[in-house]
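Everything below concerns the one structure shown next.
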Amino acid sequence: MKGRILSGMRPTGKLHLGNYEGALRNWVELQEEYEMFCMIADWHALTTEYEHPEQIRANVRELVLDYLAAGLDPKRVAIFAQSDVKEHAELHLLFSMITPTPWLIRNPTIKEQARDMGLIGEGEEVTKINYGLLGYPVLQAADILIYRANAVPVGEDQVPHIELAREIARRFNYLYGGFFPEPEPILTCVPKLPGLDGRKMSKSLGNVIYLSDLPKVVKEKVCTMFTDPMRIKKKDLGDPEARGCPVFLYHKLYNSHEIAQIEEDCKAAVLGCVECKGRLAERLAEFLTPVQDRRREAEAREGYVEEVLKDGAKRARSEAERTMEGVRERMGVG
Ligand code: TRP
Ligand code: SF4
């Protein structure tokens, strides 16, 4: 055992390949070596989705199914909903006592989120956002430190939050005596998976392939993918690597043993984009089939998702409770 990991995602709808490559693929590997807690951050979802509470519960269920479909093993990993372990809220409150507001106001990820939501303009300070959103990283610090996790697998955008968790841990340790380990981010090293149009894969841009997309849908979507812009006709010579052809990048990930041949044939213009996409669609469908089988299996078992969440919460709660006893004692409260 290398140590302990806490990882989490907000339940904001079904996952796409970009989410899988950016996080889940890594988590599934990490479960072999680490003790893992995989959380569904439903309170964090409310920081922005508080006007749509009716969707949260359904999305939690979806996310459990996506975790299982990706290959997380609930016997090994504690899969649980944040709101089932109320201790996170208590630790968030206690951490808020020792967290200076400037640490939050300068957080670039929160700034970006507030900008995306239209709450603040370019270059504006985060003054007009809800208290919960400002405290988002404090809650995230509580999520991590309550398990005294040493590592957190995250994407680049989450690094400021991990840094804050480290600062809070340091401050707590300074004020009340060494207690929390300082968690390290584990950055995913895979290249960012572009969307169908070559931009970042994102639901709001409508350029995603969902983990639940069936082969027919995958094929239709792959057909619309952008390619090397200089290959207008089949006889145009390609340079997929240099010109960043998204189809080529996908082949690298899902069809790696053919990649050298594809590059050669594309450069020599003996392989056309239509055929190249057809082959990719097949490989993608092959990759997604076992994922979708696992999902269907889990869905078919009556009450299984609830059982996974209940068992995960029980394991998480017992660890969280242990940490809280130490925290309460050090901070002089019950
Ligand atoms: N902020 C994370 C995201 O948007 C989700 C999250 C909440 C998280 N709590 C966490 C991630 C704790 C890692 C650790 O993806
Ligand atoms: Fe991209 Fe394939 Fe077309 Fe080459 S043949 S430009 S790799 S889609």
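Start at 1 and go down the list; that is how both ligands and their atoms are numbered.
At the top of the distance list for atom 11 (C) of ligand 1, counting protein heavy atoms only, stands Gly8 O, 3.4 Å. Protein heavy atom at the shortest distance from atom 14 (C) of ligand 1 is Leu6 CD1, 3.4 Å. The nearest protein atom to atom 6 (C) of ligand 1, hydrogens excluded, is given as Gln140 OE1, 3.8 Å; this is a heavy-atom distance. At the top of the distance list for atom 1 (N) of ligand 1, counting protein heavy atoms only, stands Tyr136 OH, 2.7 Å. Protein heavy atom closest to atom 9 (N) of ligand 1, with residue, atom name and distance, is Asp143 OD2, 2.8 Å.
Heavy-atom separations between Gln82 and ligand 1 are all 4.0 Å or longer.
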Show your working on ring-ring contact (aromatic ring centres under 6.0 Å, His included) between His88 and Tyr147 and close with a plain yes or no.
-> CA-CA 10 Å; His88 289 229; Tyr147 301 104; 5.4 Å; yes
When you look at Glu29 and Asn26, which way does the side chain to side chain donor-acceptor pair (under 3.5 Å) test go after all the steps?
-> CA-CA 5 Å; Glu29 274 171 32; Asn26 203 15; over 6 Å; no
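Ligand 1 has no N or O atom lying under 3.5 Å from any N or O atom of His161, backbone or side chain. Considering backbone and side-chain N/O of Ser7, none are found under 3.5 Å from N/O of ligand 1.
The shortest distance between side-chain heavy atoms of Phe287 and Leu253 does not fall below 4.5 Å. Considering only heavy atoms from C-beta on, Leu24 comes within 4.5 Å of Leu72 through its side chain. Residues Glu21 and Met201 fail the side-chain proximity criterion, which asks for heavy atoms closer than 4.5 Å.
Heavy-atom contacts of Val152 reach the following atoms of ligand 1: 13 (C), 14 (C) (cutoff under 4.0 Å). Residue-ligand proximity, Ala41 to ligand 1, at heavy-atom distances under 4.0 Å covers atoms 7 (C). Close approach of ligand 1 to Met39 is summarised as follows: ligand atoms under 4.0 Å from at least one heavy atom of the residue are 7 (C), 9 (N), 10 (C). Every atom of ligand 1 with a heavy atom of Arg10 under 4.0 Å away is listed here by number and element: 4 (O).
Lys86 has no carboxylate O lying under 4.0 Å from a charged side-chain N of Glu90, or vice versa, which leaves the two without a salt bridge.
A donor atom on one side chain and an acceptor atom on the other are not found under 3.5 Å apart for Ser212 and Arg295. Between the side chains of His44 and Gln140, no donor N or O sits under 3.5 Å from an acceptor N or O.
Counting heavy-atom neighbours within 6.0 Å of Glu112 CD, excluding the residue itself, gives a total of 12 or less. For Glu156, the CD atom counts as loosely surrounded, since its 6.0 Å shell holds 12 or fewer non-hydrogen atoms of other residues, nucleotides or ligands.
Note that the NE2 atom of His161 and the CD1 atom of Ile110 stand 4.5 Å from one another [nearest 0.5 Å].
Using a 30° and 60° split on the angle between ring planes, Phe172 and Phe179 fall in the tilted class, from 30° to 60°.
Take a cut-off of 2.8 Å around atom 4 (Fe) of ligand 2: the protein N, O or S atoms inside it are Cys266 SG.
Counting heavy atoms only, Gln158 comes closest to atom 2 (C) of ligand 1 of the residues Gln113, Gln158, His44.
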